[in-house]
Amino acid sequence: MVKFEQVKGFLFDLDGVIANTSAYHAKAWHQLADELGVTWTEDLGNQLKGVGRMDSLNLILKYGGKENDYTEDEKVKYAAEKNDNYLKLLDTLDKSEILPGMEDFIKEISDQHYLISLASSSKNSPLVLEKLGLAQYFDEKVDPATLKHGKPDPEIYTRAAEVLKLKPEECIGLEDASAGVKSINGSGAISVGIGDPKVLSEADINFNNTSEVTLQNIAKAMDKKKVLDR
Ligand code: BG6
Ligand code: MG
């Protein structure tokens, strides 16, 4: 692993890392799963985290053994219905739903002139960042509509480093989802997993929650990891 001093950029997931919007995605998917007669479980919720809209619907249908029950047109209609419900939940979204410590962390890295890009699978991410009042901190954003593959494929994190004109190895990616940690690792960036360390066991560095995410804690964890890797 590179030294902390060699890090030049941060690549951010959005839902579940910067704001509590992953709970809104889960709520809207849960609603649709009920409608489709697929039993919602915590495991299914974890599998969907970080995964794009159509891939998520396909995962839900597969989970319920219904992968061959609907035409593509019907699936597009269901995905749009989920998005309408998600957008309704975003109506009242504001700064108060930024996860603990994340605004300070983003300001800290911006003040210290690290480059910052967004690596969210969500087509709603520009709207969410605006509503949170954080859009101005991002030097670049990856548009998920331009990608061939969703997380866990590394494409989005490879691109998130590239748009900053950095090598992935010079960047740290932050994720709350197992699919996202796999995507960071595949790109060659350093992965920080935020949440249950059992679910995010593949991350280079683990934090239990966003309050623990500070430059100092990341530097400390990287130092410790270097010693362990030796
Ligand atoms: C990810 C979320 O950030 O974006 C997923 O973790 C969501 O839950 C995915 O399905 C796609 O979002 P959207 O807003 O484009 O449907
Ligand atoms: Mg996420």
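As the structure lists them, so they are numbered: ligands from 1, and atoms in each ligand from 1.
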Which ligand 1 atoms does [X] reach within 4.0 Å, using its non-hydrogen atoms?
X: Asn124; result: 13 (P), 14 (O)
X: Ser56; result: 10 (O)
X: Trp29; result: 10 (O)
X: Ser120; result: 3 (O)

- Message: Does the plane of the ring in His30 sit parallel, tilted or perpendicular to the ring in Trp40? Use 30° and 60° as the thresholds.
- Response: parallel
Suppose we measure from [atom] to each protein heavy atom; which comes out shortest, and what is that distance?
atom: atom 3 (O) of ligand 1; result: Asp15 OD2, 2.7 Å
atom: atom 13 (P) of ligand 1; result: Ser122 OG, 3.5 Å
atom: atom 6 (O) of ligand 1; result: Gly50 N, 2.9 Å

Side chain [X], main chain [Y], donor-acceptor under 3.5 Å:
X: Asp15; Y: Thr21; value: no
X: Ser56; Y: Val51; value: yes
X: Ser191; Y: Asp204; value: yes
X: Gln6; Y: Lys3; value: yes

- Message: Applying ring-ring contact (aromatic ring centres under 6.0 Å, His included), can you list everything that pairs with Tyr78, at least two apart in sequence or on another chain?
- Response: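 For Tyr78 the ring-ring contact (aromatic ring centres under 6.0 Å, His included) partners, ignoring immediate neighbours, are Tyr70.
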- Item | Counterpart residues, ring-ring contact (aromatic ring centres under 6.0 Å, His included), relative to Phe105 (two or more places apart) |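 Testing Phe105 for ring-ring contact (aromatic ring centres under 6.0 Å, His included), a comparison that skips the adjacent residues, returns Phe10.
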- Is there a nitrogen or oxygen of Tyr86 sitting under 3.5 Å from a nitrogen or oxygen of ligand 1?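 So ligand 1 has no N or O lying under 3.5 Å from an N or O of Tyr86.
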- Query: Is Gly52 close to ligand 1, meaning an N/O of one under 3.5 Å from an N/O of the other?
  - Reply: no
- Task: Would you mind finding which of Arg53, Met54, Lys49, Lys123 brings a heavy atom closest to atom 16 (O) of ligand 1?
- Result: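 When every heavy atom of Arg53, Met54, Lys49, Lys123 is considered, Arg53 comes closest to atom 16 (O) of ligand 1.
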- Is NZ or CZ of Lys88 both nearer than 6.0 Å to the six-membered ring centre of Tyr86 and within 45° of the ring axis? no
- Task: Tally every protein N/O/S atom whose distance to the Mg ion (ligand 2) is less than 2.8 Å; waters are neither shown nor counted.
- Result: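 Of the protein's nitrogen, oxygen and sulfur atoms, 3 lie under 2.8 Å from the Mg ion (ligand 2).
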- Message: Testing the basics here: between Ala179 and Lys151, what is the closest heavy-atom pair and its distance to 0.1 Å?
- Response: O-CB, 3.9 Å
- Task: Measure across Leu200 and Gly195 and return the closest heavy-atom pair with its distance rounded to 0.1 Å.
- Result: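 Taking every non-hydrogen atom into account, CD1-N, 3.8 Å.
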- For Lys75, what residues pass the salt bridge (Lys or Arg N to Asp or Glu O under 4.0 Å) criterion, not counting sequence neighbours?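 Glu72.
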- Item | Close approach of Val51 to ligand 1, heavy atoms, under 4.0 angstrom | yes
